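These notes are about the structure you will find just below.
From a predicted model like this one, the values you see are computed outputs, not experimental measurements. These numbers come from the heavy atoms of this one structure, side chains and all, not from hydrogens, waters or symmetry mates.
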Amino acid sequence: MGRRIAALILIGVLAPLARVSAEPPAGFESLFDGKTLNGFKVPAGDGGHWKVVDGVIDYDARSEAKDDKNLWTTRDFGDFVLRVDWRIKETPYVNPSVPIIKPDGTHKKGADGKEITTSVPDSDSGIFVRGGAKSQVNIWCWPIGSGEVYGYRMDEAMPTAVRAGVTPKLLADHDIGQWNTFEITMRGDRLTVVLNGQTVIENAQLPGVAARGPIAFQHHGEWKDGHWAGPPSLVQFKNVYVKELK
């Protein structure tokens, strides 16, 4: 019994170290060392809200930065494959206005011509690619699922095929609190998103997307007068790997 307890204690001590020192997949390099935010630009005046906790990047959605509150990489990327594990920690905010999103990216309406909405416990974040908020791969709790590109789907000036292309084909998210895995591929102006082994966005066109730019983990929401004024980005990230494509 004593040796069993000692073994369990040893596993508990070594497990975080093993996670930090894990080798990247073949052909990939790590963007996060599991210990520090080296390689990222912490927002000026953040106040310690973007931090590393138990080997993961942790955010409480309360950055004190005056301007941009997102966590950007220090490097720019052109064509790449990004693999990252993420999870939503909790959903204290109930979003009262979540629409029903149709396969073409538009919102379902009632007989009165108004959008049909529902209430959903919701937290919200995402991953910006090529330096722009418009090219954001979404992380949220909406029934349509994570992986959509909100900035393009909601842009009515975009062609119908573009708006449909950035709308998830299926809900592949795990339950709240559980870890998920994105594989995001950018090649030219084309985006593919695989979530938990299932392709939710395939070869979608992002017209006008920059040729190169940094990657960011998104801030969302505001704590105001003792409560959340919108869906907060109560998220964590780990195992952040990138492979640049030639």
Side-chain angles (χ1 to χ4, degrees), residues 59 61 63 68-72 77 82 84 86-88 91 93-109 115-174 176 180-186 189-196 198-210 213-222 228-235 237:
Y59 188 49
S63 177
D68 190 343
K69 301 178 189 293
N70 305 301
L71 186 69
W72 293 92
F77 299 92
L82 176 72
V84 56
W86 58 267
R87 78 179 188 104
I88 292 173
T91 53
Y93 176 82
V94 176
N95 191 333
S97 305
V98 175
I100 298 172
I101 302 173
K102 299 190 294 184
D104 65 357
T106 61
H107 297 173
K108 187 173 183 178
K109 297 179 180 179
E115 290 186 3
I116 300 171
T117 60
T118 188
S119 296
V120 173
D122 194 17
S123 288
D124 190 317
S125 184
I127 298 176
F128 297 161
V129 300
R130 301 268 185 85
K134 185 169 185 174
S135 52
Q136 173 215 25
V137 179
N138 222 341
I139 293 171
W140 58 3
C141 305
W142 288 22
I144 191 65
S146 296
E148 72 132 30
V149 189
Y150 186 89
Y152 280 85
R153 184 180 65 79
M154 292 296 292
D155 186 349
E156 295 182 357
M158 286 291 156
T160 300
V162 168
R163 299 181 70 191
V166 298
T167 302
K169 303 301 180 264
L170 55 98
L171 172 64
D173 300 56
H174 291 155
I176 303 303
N180 300 267
T181 299
F182 265 154
E183 181 173 284
I184 299 170
T185 302
M186 281 296 305
D189 66 353
R190 297 286 176 162
L191 169 72
T192 295
V193 180
V194 178
L195 173 56
N196 297 325
Q198 301 189 75
T199 301
V200 296
I201 303 290
E202 186 169 14
N203 201 37
Q205 186 178 21
L206 306 183
V209 68
I215 294 166
F217 297 143
Q218 185 201 13
H219 159 87
H220 196 278
E222 180 184 10
W228 291 108
S233 43
L234 300 175
V235 289
F237 301 93

Legend entry - Heavy-atom pair of closest approach, residues Tyr59 and Ala61: CE2-CA, 3.2 Å
Inset, instruction - Could you tell me whether the side chain of His107 reaches within less than 4.5 Å of the side chain of Ile101, counting heavy atoms only? - result: yes
Inset, instruction - Using the salt bridge (Lys or Arg N to Asp or Glu O under 4.0 Å) rule, collect all pairs that involve residues 115-125, keeping only residues at least two apart or in two chains. - result: none
Legend entry - Under the ring-ring contact (aromatic ring centres under 6.0 Å, His included) test, residues paired with Phe237 that sit two or more places apart: Phe217
Please list, one pair per line, the donor and acceptor atoms closer than 3.5 Å that link side chains of residues 158-171 to other protein atoms, with sequence neighbours excluded.
unit_1, atom_1, unit_2, atom_2, d
Arg163, NE, Arg153, O, 2.6
Arg163, NH2, Arg153, O, 3.1
Thr167, OG1, Arg163, O, 2.8
Lys169, NZ, Ala164, O, 3.0
Lys169, NZ, Thr167, O, 2.9

Inset, instruction - Determine the sole option in Val129, Leu82, Val193 for which the side-chain contact (heavy atoms from CB on, under 4.5 Å) test with Met186 is passed. - result: Val129
Inset, instruction - Name all residues meeting the side chain to side chain contact (heavy atoms under 4.5 Å, CB included) criterion together with Pro103; count only those two or more places apart in sequence or in a different chain, and write none if there are none. - result: none
Inset, instruction - Identify the two heavy atoms, one from Val120 and one from Cys141, that lie closest to each other, and give their separation to 0.1 Å. - result: CG1-O, 3.5 Å
Inset, instruction - Measure from the side-chain N and O atoms of His174 to the backbone N and O of Ile176, and report whether any donor-acceptor pair falls under 3.5 Å. - result: no
Inset, instruction - Answer yes or no: is there a donor N or O on one side and an acceptor on the other, between the side chain of His220 and the main chain of Ser123, under 3.5 Å? - result: no
Legend entry - Side chain to side chain, Ile88 and Val235, heavy atoms closer than 4.5 Å: yes
Legend entry - Which atom of Gly147 lies closest to which atom of Val200, heavy atoms considered: CA-CG2, 4.4 Å
Inset, instruction - Kindly write out the residues that satisfy side chain to side chain contact (heavy atoms under 4.5 Å, CB included) with Ser97, not counting sequence neighbours, or none if the list is empty. - result: Asn95
Inset, instruction - Could you pull out the closest heavy-atom pair between Gly221 and His219, with the gap in Å? - result: O-NE2, 3.0 Å
Inset, instruction - Could you walk me through whether Trp86 and Leu195 pass the side chain to side chain contact (heavy atoms under 4.5 Å, CB included) test, one step at a time? - result: CA-CA 10 Å; Trp86 58 267; Leu195 173 56; 3.8 Å; yes
Inset, instruction - Check the pair Ile201 / Val149 against side chain to side chain contact (heavy atoms under 4.5 Å, CB included), numbers first and verdict last. - result: CA-CA 9 Å; Ile201 303 290; Val149 189; 5.5 Å; no
Legend entry - Partners passing side-chain hydrogen bond (donor to acceptor under 3.5 Å, both in side chains) against Asn70 (at least two apart in sequence or in another chain): Asp68
Inset, instruction - Indicate yes or no for a side-chain donor-acceptor contact from Ser125 to the backbone of Ile139 under 3.5 Å, with no hydrogens or angles considered. - result: no
Legend entry - Derivation and outcome, side chain to side chain contact (heavy atoms under 4.5 Å, CB included), residues Leu234 and Trp228: CA-CA 11 Å; Leu234 300 175; Trp228 291 108; 4.1 Å; yes
Inset, instruction - Please identify each residue that fulfils side-chain hydrogen bond (donor to acceptor under 3.5 Å, both in side chains) with Tyr152, with sequence neighbours left out. - result: none
Inset, instruction - Please answer whether the main-chain N or O of Asn203 pairs with a side-chain N or O of Thr192 as donor and acceptor at a distance below 3.5 Å. - result: yes
Inset, instruction - Fit a plane to each ring of Trp142 and Tyr150, take the angle between them on a 0 to 90° scale, and name the class: parallel (under 30°), tilted (30 to 60°) or perpendicular (over 60°). - result: perpendicular
Inset, instruction - Report the distance from atom NZ of Lys108 to atom OG1 of Thr117, rounding to the nearest 0.5 Å. - result: 13.0 Å
Inset, instruction - Identify, with sequence neighbours excluded, every residue that meets salt bridge (charged side-chain N to carboxylate O under 4.0 Å, His left out) alongside Asp155. - result: Lys134
Inset, instruction - Name all residues meeting the side-chain hydrogen bond (donor to acceptor under 3.5 Å, both in side chains) criterion together with Ser63; count only those two or more places apart in sequence or in a different chain, and write none if there are none. - result: Asp46
Inset, instruction - Tell me, please, which residues at least two apart from Phe128 pass ring-ring contact (aromatic ring centres under 6.0 Å, His included). - result: Trp72
Inset, instruction - State whether the number of non-hydrogen atoms from other residues, nucleotides or ligands found under 6.0 Å of Lys109 atom NZ is greater than 12. - result: no
Inset, instruction - Apply side-chain hydrogen bond (donor to acceptor under 3.5 Å, both in side chains) to Ser146 and list each qualifying residue two or more places apart in sequence or on a separate chain. - result: Asp173
Inset, instruction - For Ser135 and Gly132, work out which heavy atoms get closest and say how close. - result: OG-O, 3.2 Å
Inset, instruction - Looking only at non-hydrogen atoms, find the nearest pair between Tyr93 and Pro232 and report the distance. - result: CB-CD, 3.8 Å
Legend entry - Listed partners of Glu183 passing salt bridge (charged side-chain N to carboxylate O under 4.0 Å, His left out), at least two apart: Arg83
